[in-house]
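Written out below as structure tokens is the structure these notes cover.
Being a predicted model, the structure only gives us computed values, none of them experimental. By convention in this document, chain letters (A, B, ...) are assigned in the order of the sequence lines, proteins followed by strands, and residues within each chain are numbered from 1.
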2 protein chains.
Amino acid sequence: MAKKKTKERIIEAADDLFYRNGFEHTSFHDIAAAVGLSRGNFYYHFKTKDDILDAVIDLRMARTKSLLNQWQDEGQTPMERIGCFVHILIVNMAKIKLYGCPLGTLSNELAKLEHSHQSRAKQLFILFQDWLSQQFRALDCGEKSEEFALHILGRSQGAATLATVFQDEALIRKEVDMMLHWAAQVVEKTQKEKV
Amino acid sequence: MAKKKTKERIIEAADDLFYRNGFEHTSFHDIAAAVGLSRGNFYYHFKTKDDILDAVIDLRMARTKSLLNQWQDEGQTPMERIGCFVHILIVNMAKIKLYGCPLGTLSNELAKLEHSHQSRAKQLFILFQDWLSQQFRALDCGEKSEEFALHILGRSQGAATLATVFQDEALIRKEVDMMLHWAAQVVEKTQKEKV
DNA sequence: GTCTATAAAGTGATAGAC
DNA sequence: GTCTATCACTTTATAGAC
């Protein structure tokens, strides 16, 4: 594998710092220090802080797409794939307890800053929503698939906030179970109504 | 009514700005300008930014307690009172779409700042949790009351984040209906099990 | 209680040497 | 591509006059 380009290393460091410390709280100095660069050199790669945010969102979009493709192969059934999504709460529990959901906390921060990139952050949500819709559609949920997908997204966001506030792993596991139970129940009910 | 003290006006302005623009993004200058004071005078009332945050959380605690007492009188039955809580999503919809939930977004921001006041922000959640627990307990939910309360809290947080990201009022109304439906269902089920 | 002035540090951003 | 030096600005915070 070739050595990683400086630009790539900057983006990955910024992604990590934006998540852990927040976008505004992260300074050029912080990112430069994390990569081991001077601030001056930094400006060779990115002209403004918003440019870095742009690149970080691009990175997150690409990683999300790759993750969704992975789940698409991993899960044998659509319901198992929905399970893959819900289980990120458990897989990433340690980080979520400390820093919340990367999508939700970024969107909330950008909203308060009235930042122009809010719509780009929303696109990350839509990637998940479309993929979840696709799973529900495969389970014969038809036109209700989109709203089911949004509901699961919302429940995950709520569980992530609870995790950060209450630091209670058992609570999150319970929320995960309830989400999966809800999905199974609602799919079954929708399928019955069709017959 | 007596003229409001300067200190009180500062706290209320800070509360509003912390909510709308975030804690870190709000400077002493912003608060001073909102109240119509000089920055110098500001330091007569508060020595550090954390002192202001402390006072703002005190204010939110007091306002929350007063709101819960109001709901306690307003709702005829415990289930109606739970309805009062869930309906803040609709009552405060316009603000939530722009700035999210005041509790959740503050907790998420303080987490990323590794701020010492995280535990104080959690206390705000616990006020709601205890009050909701009390309602479920009055509905004979016994030892399950606490987890029911936490679940409703989590769902509200998730719905608030969805509101900010998707700006879709119909979606939030649907989430509110689903929450109330869930509460009614779970209370009925718990009561049946008792018999 | 309120103000101005100012310190001390940090911010995003630029220019230019190597 | 990487560096140092520097600019203009903002931040929290203090001192002292009125």
Rounded off to whole Å, could you give me the [atom1]-to-[atom2] distance for the [X] and [N] pair?
{"X": "A/I10", "N": "D/dG1", "atom1": "CD1", "atom2": "P", "value": "11 Å"}
{"X": "B/K5", "N": "C/dT2", "atom1": "NZ", "atom2": "P", "value": "11 Å"}
{"X": "A/H29", "N": "C/dA9", "atom1": "NE2", "atom2": "P", "value": "14 Å"}
{"X": "A/H25", "N": "C/dG10", "atom1": "NE2", "atom2": "C1'", "value": "12 Å"}
{"X": "A/E24", "N": "C/dT11", "atom1": "CD", "atom2": "C1'", "value": "11 Å"}
{"X": "B/D51", "N": "D/dT14", "atom1": "CG", "atom2": "P", "value": "10 Å"}
{"X": "A/I31", "N": "C/dG10", "atom1": "CD1", "atom2": "C1'", "value": "15 Å"}
{"X": "A/F42", "N": "C/dT14", "atom1": "CZ", "atom2": "P", "value": "13 Å"}

Upstream residue (5' side of DNA chain C) when A/Y43 and B/N41 are each assigned their closest nucleotide: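 It is B/N41 whose nearest nucleotide is closer to the 5' end.
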
Quick one: does B/T164's side chain have a donor or acceptor within less than 3.5 Å of a partner on B/I96's backbone?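 Between the backbone of B/I96 and the side chain of B/T164 there is a qualifying donor-acceptor contact (under 3.5 Å).
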
Has B/T6 got a side-chain N or O lying under 4.0 Å from the OP1 or OP2 atom of C/dG1?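 For B/T6, the contact criterion (side-chain N or O under 4.0 Å from OP1 or OP2 of C/dG1) is not met.
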
Does A/H45 have a side-chain nitrogen or oxygen under 4.0 Å from the phosphate oxygens OP1 or OP2 of D/dT2?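 Result: yes.
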
Nucleotide nearest [X] when distance is taken to its side chain, options [options]:
{"X": "A/F28", "options": "D/dT11, D/dC3, C/dG12", "value": "C/dG12"}
{"X": "A/R39", "options": "D/dA13, C/dT11, C/dG1", "value": "C/dT11"}
{"X": "B/S27", "options": "C/dT2, D/dG1, D/dT11", "value": "D/dT11"}
{"X": "A/Y44", "options": "D/dT2, C/dT11, D/dT12", "value": "D/dT2"}

Electrostatic pair A/E146:A/R137 at N-O distance under 4.0 angstrom: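 A salt bridge is present here (some side-chain N lies under 4.0 Å from a carboxylate O).
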
Should the pair B/K112-A/E24 be classified as a salt bridge under the 4.0 Å nitrogen-to-oxygen rule?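 Result for this pair is no, no salt bridge flagged.
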
Using a cut-off of 4.0 Å on non-hydrogen atoms, how would the nucleic acid contact of A/S38 be classed: base, sugar-phosphate, or nothing?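 Counting heavy atoms under 4.0 Å across all strands, the contact made by A/S38 includes a base.
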
Please confirm whether the ring centroid of A/F28 lies under 6.0 Å from the ring centroid of A/F46.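 Judged by ring-centre distance (under 6.0 Å), A/F28 and A/F46 do not meet the cut-off.
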
